[in-house]
Amino acid sequence: MCLLRRGARVHGLADTCSHLGGPLHDGEVRDVDGRAALVCPWHGTAFSVTDGEVLDGPGTAPQPVVAVRVRGGRVLGRVEGPPKP
């Protein structure tokens, strides 16, 4: 699980890139067409941090999303799956 805090919100994506298995936790956050994206360090696929949609290739499969909530200072996460078409 790869977690990203943006202001008061915490977003989560599965850590293994859906393209070729790169470690998303080693990637960087960029703005892609006005949306925050987590970019895989291996091949540059950019995934929306909010819903896992591919914003820039070469990958084509969405990234599974982790539902995240913070309770009592602890971060809790549950994998929900890729976005629905």
Side-chain angles (χ1 to χ4, degrees):
M1 163 178 348
C2 183
L3 300 174
L4 172 68
R5 182 181 298 270
R6 295 184 54 84
R9 296 238 13 222
V10 178
H11 302 280
L13 296 175
D15 188 45
T16 303
C17 179
S18 62
H19 175 236
L20 287 174
L24 291 182
H25 68 271
D26 284 338
E28 63 180 45
V29 177
R30 276 193 217 144
D31 182 275
V32 176
D33 296 329
R35 297 174 68 185
L38 183 56
V39 180
C40 179
W42 284 8
H43 301 104
T45 298
F47 300 98
S48 166
V49 300
T50 58
D51 64 7
E53 177 185 352
V54 175
L55 301 178
D56 193 19
T60 58
Q63 190 64 19
V65 175
V66 176
V68 178
R69 65 181 176 181
V70 180
R71 291 235 172 143
R74 295 178 63 154
V75 178
L76 308 170
R78 175 177 47 93
V79 175
E80 290 187 331
K84 307 243 186 296

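Keep in mind that what you see is a predicted model, and the values were worked out from it rather than measured.
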How long is the gap from CG on L20 to OG1 on T45, to the nearest 0.5 Å?
-> 8.0 Å
Nearest heavy-atom pair of G44 and P58: which atoms, and what distance?
-> C-CD, 4.3 Å
For residues 1-21, pull every pair meeting side chain to side chain donor-acceptor pair (under 3.5 Å), keeping only residues two or more places apart or in separate chains.
-> D15-H25, S18-Q63
Does atom CG of D33 have more than 12 heavy-atom neighbours, drawn from other residues, nucleotides or ligands, at distances under 6.0 Å?
-> no
Answer yes or no: is there a side-chain heavy-atom contact under 4.5 Å between F47 and L55?
-> no
Nearest heavy atoms of V32 and A37, plus distance in Å | CG2-CB, 3.7 Å
Honestly curious: do V49 and V39 fall in one hydrophobic cluster under the side-chain, below-4.5 Å linking rule?
-> no
Go through the steps for V65 and L13 under the test side chain to side chain contact (heavy atoms under 4.5 Å, CB included), then give the verdict.
-> CA-CA 5 Å; V65 175; L13 296 175; 4.2 Å; yes
Considering all heavy atoms of both residues, which atom of C2 and which atom of L38 are nearest to each other, and what is their separation?
-> SG-CD2, 3.7 Å
Say you draw a straight line from CG of L3 to CG of L24; how long is it, rounded to the nearest 0.5 Å?
-> 12.0 Å
Shortest non-hydrogen contact from V54 toward A61 | CG2-O, 3.3 Å
Going only through I, L, V, M, F, W and Y residues with side-chain contacts under 4.5 Å, is there a path from V66 to V10?
-> yes
